[in-house]
Amino acid sequence: MDLRYKKFFNYFVLILLIYLCSYFWQLVEIPFKNSEGTVGFLSKIKYNPINDTIRYVLFVGIPLLYYLFFVLKIRIDKQTYNNFFLQKFEIEKSDFSFRTIWPIFILLFIFLVIEFLSLKSPSTNFLDPLHHGVDLVPIINYLNSGQFWQSSFTIHGGANIFYPLIAWKLFGVQTIGAFKVFKLLLIFILKILSIIFIFYISKFSNLEKKYKVFLFSLLSLIILSLSNYYLIDYLSIRDLYALIFFIFFIQCFFKSERLILNFLISLTAIFTVFLHVDIGIYLCIFLLSYNVYLLFSKKFKDFVQILSFLILSVFLVYLLFGKSEISAFIFQANHIISSVDIIHGLKYPQPFFSMGIEPDGSRATKAIILQLICGIIVLTILFSKSNYFKINEKLFFLFFYVYCFIAFRNALGRSDGFHIMQSSDWQSIIFYFFIVHLIIFLFKKNNFIKLNLKFSYLFSILLISSVMLSNINFNNIINFKTRFDKSISAMDTQYMSPERENIVNLLNEEMVDEKCIQNFTNDTVMPYLMKKPTCTKYFSSWLASGLNIEKNYIDELKNKKVKYILYSSPMWSVDDIKTKDRLKYVNEFILDNYTNVFKQNDYSLLKLKD
């Protein structure tokens with residue numbers, strides 16, 4: 001068969017495989033098991049959330065394996081093993097350093113500062129009753145008890161406690177506005193770290209210095225566009241620690257002595273587990289997979305260092321928080337890992353066939369196809385015989401893709417548009433990196449324009465200026481301090497409607513002598529607005545669904561002799577499932593032991609029976 005026809009046939013089969021994996025998507029169906037009686041959207045339709053993970057692995061894995069063995073014609077033999085595992089990193093002095101790009105970096109930094117100063121100050125018009133409560137109530141509990149996870153069952157991890165605490169210490173006031181401004185500062189830090197990450201990615205390249213400057217500038221603008229101060233976007237605060245991790249990790253491919261870097265990536269991975277549980281677990285799984293590579297490639301020194309530093313990092317965390325806090329954290333993390341997909345999960349839409357039918361079908365299809373395309377790109381580069389990419393560069397992007405593959409688990413868990421988009425962030429960077437490389441390659445090959453270093457600087461400065469200036473409102477800069485001081489010091493009552501403020505006052509009057517309240521609604525922020533800690537750690541009650549954890553919930557209600565429970569609120573419920581329907585055992589206990597003492601505007605307060 002002619003070589004051209006062979007290639008055409010192989011790519012035709014590849015496309016056919018992708019179609020078949022999508023067509024037979026629904027056939028992968030593991031029976032639903034729910035021994036704990038956990039309640040959520042997926043339990044209502046009796047759907048096992050593990051199905052989406054298996055379908056995802058098959059949808060991406062089968063085409064990638066075919067591409068590897070039949071299109072690239074890679075054979076698993078000693079030569080492949082030697083090429084992949086036993087090649088040494090190309091540690092060489094790069095002509096691309098911070099000294100090369102400092103004018104571009106400083107320009108980007110100045111524009112980012114100006115952009116930050118021109119931001120709208122946080123408005124008092126909006127307070128999310130669920131998500132803002134997730135951050136604001138734990139800090140009230142901590143200030144009352146001096147405990148972290150012992151006082152609050154957090155959904156994300158320590159960040160729900162530490163961020164408001166740092167914000168209030170930084171600004172010297174305990175307000176919603178102070179926390180909102182602090183979150184803007186975190187996005188600013190995220191943007192700065194994004195540029196640093198792009199610098200190290202650009203440093204890999206075999207391109208001439210003049211092209212590297214262009215590469216750095218264009219990729220910086222692209223990655224900056226992936227994060228936004230006010231809108232839901234690809235890169236968000238939750239990605240801060242992964243970004244820090246990869247800034248350290250990428251340097252492992254530049255340096256021959258990696259002791260400090262191995263310590264930093266190990267420490268970052270472990271600490272992230274306690275700050276953002278899901279991201280931390282993904283980083284730890286990723287790091288262990290990297291360590292397996294080090295073992296097979298006979299880089300025993302790095303292997304032992306990372307393993308030792310992981311153990312050391314766990315010990316440091318134990319010393320920092322203590323046995324009781326660590327035990328409380330493990331209890332919470334175990335429940336979140338084992339049950340959150342049933343509690344909070346949504347079914348992942350079938351690629352292609354859900355487009356135009358399901359609300360997030362198109363986004364789901366684009367995201368999983370992007371994951372597949374990036375896998376094909378990385379495999380092509382990895383096994384390319386061209387010297388256009390260094391071995392260090394190839395290996396880094398292979399491992400970076402491994403993280404993308406793992407972190408897509410978030411999209412498979414909560415499969416709505418927001419979470420699918422957030423899980424498409426890192427693979428977008430891979431995609432854009434190689435697209436920009438392709439553009440530069442075509443420029444060079446066809447000699448479209450004679451580029452020199454001075455022209456690269458000039459073009460980069462003009463491009464960055466034109467893009468960044470469009471994001472800046474210069475009128476806001478003049479009164480930045482006044483506007484933000486006003487936001488930071490705004491009274492929390494300004495975030496409430498008159499009707500809601502009246503309800504808060506009436507509830508406080510009803511329980512004037514009580515120091516705490518138990519919240520059984522999805523209106524998570526209410527205890528904060530009442531300025532009372534929750535009586536148990538279950539401030540976000542809807543998460544505590546399942547027989548064993550509900551037993552613990554009931555035990556806390558009994559042991560602490562909780563007197564008042566906010567039982568209902570008119571605010572929306574997650575997936576339209578009320579807490580009383582999620583926590584049927586706790587609800588039964590409450591109805592047997594508490595009586596209604598307040599009911600107004602769909603709010604109800606229960607009191608322990610005498």
Side-chain angles (χ1 to χ4, degrees), residues 32 34-47 128-134 137 152-155 332 335-336 339-346 414 500 503-504 506-507 510-511 514 516-530 532-609:
F32 178 70
N34 189 14
S35 58
E36 286 288 303
T38 306
V39 177
F41 176 79
L42 295 184
S43 71
K44 295 284 186 183
I45 62 173
K46 299 192 180 305
Y47 180 77
D128 188 322
L130 176 70
H131 295 96
H132 280 126
V134 165
V137 174
S152 297
F153 191 103
T154 61
I155 184 170
Q332 295 177 25
H335 176 69
I336 293 296
S339 303
V340 76
D341 283 346
I342 297 178
I343 294 169
H344 196 220
L346 293 173
R414 181 71 180 174
R500 191 157 165 87
I503 290 292
V504 167
L506 290 173
L507 288 170
E510 183 66 39
M511 45 185 300
E514 285 301 306
C516 68
I517 183 171
Q518 184 58 30
N519 189 5
F520 198 63
T521 75
N522 281 190
D523 194 356
T524 314
V525 79
M526 275 298 282
Y528 174 83
L529 297 177
M530 296 173 67
K532 292 181 184 294
T534 53
C535 301
T536 75
K537 63 176 173 280
Y538 298 107
F539 73 94
S540 193
S541 291
W542 66 279
L543 291 170
S545 179
L547 178 60
N548 286 323
I549 197 167
E550 288 187 56
K551 284 181 179 179
N552 184 267
Y553 195 131
I554 293 169
D555 287 341
E556 288 210 16
L557 290 175
K558 290 178 180 177
N559 296 336
K560 296 185 178 180
K561 296 182 174 59
V562 175
K563 192 171 181 180
Y564 287 98
I565 297 177
L566 183 63
Y567 185 72
S568 66
S569 163
M571 298 299 172
W572 70 284
S573 298
V574 178
D575 297 327
D576 292 324
I577 305 173
K578 294 187 179 298
T579 309
K580 65 180 182 179
D581 298 320
R582 290 180 181 273
L583 278 65
K584 52 189 176 183
Y585 304 109
V586 178
N587 185 58
E588 185 179 336
F589 173 83
I590 290 172
L591 294 179
D592 287 343
N593 293 277
Y594 290 79
T595 184
N596 201 318
V597 293
F598 175 89
K599 190 170 183 65
Q600 186 171 321
N601 297 347
D602 293 325
Y603 291 91
S604 63
L605 182 71
L606 306 186
K607 184 179 179 181
L608 184 66
K609 293 177 181 177

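Just so you know, these numbers come straight off a predicted model, no measurement behind them.
No more than 12 heavy atoms of other residues, nucleotides or ligands lie within 6.0 Å of CD in Glu588, so this atom counts as exposed by the packing criterion. Residue Lys46 places its NZ atom among 12 or fewer non-hydrogen atoms of other residues, nucleotides or ligands, all under 6.0 Å distant. Other residues, nucleotides and ligands contribute only 12 or fewer heavy atoms inside 6.0 Å of the NZ atom of Lys584.
Without hydrogens or angle criteria, Asp555 side chain to Asn559 main chain gives no donor-acceptor distance under 3.5 Å. Panel note: side chain Glu556, backbone Thr536; no donor-acceptor pair is recorded below 3.5 Å. Within the 3.5 Å criterion, the main-chain N or O of Ser540 finds no donor-acceptor partner in the side chain of Thr524. Side chain of Asp128 to main chain of His132: no donor-acceptor pair is present (N/O by atom type, distance under 3.5 Å, no hydrogens or angles). The backbone N or O of Ser604 sits less than 3.5 Å from a side-chain atom of Ser568, completing a donor-acceptor pair. A donor-acceptor contact shorter than 3.5 Å is absent between the side chain of Asn601 and the backbone of Tyr603. A distance-only check finds a donor-acceptor pair linking the side chain of Glu36 to the backbone of Asn548 [under 3.5 Å].
Under the 4.5 Å side-chain criterion, counting only non-hydrogen atoms from C-beta, Leu605 is in contact with Ile517. At least one side-chain heavy atom of Phe589 sits less than 4.5 Å from a side-chain heavy atom of Lys558. Between Leu608 and Val562, the closest side-chain pair of non-hydrogen atoms is not below 4.5 Å. When side chains are defined from C-beta on, Phe520 does not count as touching Leu606, because their heavy atoms never get closer than 4.5 Å.
Of all heavy-atom pairs between Asp523 and Arg500, the closest is OD1-NH2, 2.7 Å. For Phe32 against Ile342, the heavy-atom pair with the smallest separation is CE1-CD1, 4.2 Å. When every heavy atom of Arg582 is checked against every heavy atom of Val574, the shortest pair comes out as NH2-O, 2.9 Å. Across Leu529 and Val504, no two heavy atoms sit closer than the pair O-CG1, 3.6 Å. Contact record, Met526 with Ile503: CE-CG2, 4.5 Å, taken as the closest heavy-atom pair. Taking every heavy atom of both residues into account, Leu566 and Thr521 meet most closely at O-CG2, 3.5 Å.
The residue from Tyr564, Tyr553, Tyr538 that alone fulfils the side-chain hydrogen bond (donor to acceptor under 3.5 Å, both in side chains) condition with Gln518 is Tyr553.
Here the straight-line distance linking atom CD1 of Ile577 with atom NE2 of His344 works out to 10.0 Å at 0.5 Å rounding. Distance check: Glu514 CD to Lys607 NZ gives 8.0 Å after rounding to the nearest 0.5 Å. Note: Lys560 NZ to Thr534 OG1 = 8.0 Å, rounded to the nearest 0.5 Å. In this structure, Asp575 CG and Leu346 CG are separated by 5.0 Å, a value rounded to the nearest 0.5 Å. One distance of note links CG of Leu547 with CD1 of Ile549; it measures 11.0 Å at 0.5 Å rounding. Here OG of Ser541 is found 7.5 Å from CD1 of Ile590. Values are rounded to the nearest 0.5 Å.
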Practice item. Please lay out, stage by stage, how Asn519 and Phe539 fare under the test side-chain contact (heavy atoms from CB on, under 4.5 Å). Key: CA-CA 6 Å; Asn519 189 5; Phe539 73 94; 6.0 Å; no

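Look at Asp576 and Lys44 and you find no salt bridge, because none of the NZ, NE, NH1 or NH2 atoms lies under 4.0 Å from a carboxylate O.
Between the side chains of Asn522 and Thr579, at least one donor-acceptor pair of N or O atoms lies under 3.5 Å. Residues Asn552 and Lys537 have side chains that bring a donor and an acceptor to within less than 3.5 angstrom of each other. A donor atom on one side chain and an acceptor atom on the other are found under 3.5 Å apart for Asn587 and Tyr567.
The ring of His335 has its center closer than 6.0 angstrom to the ring center of Phe153.
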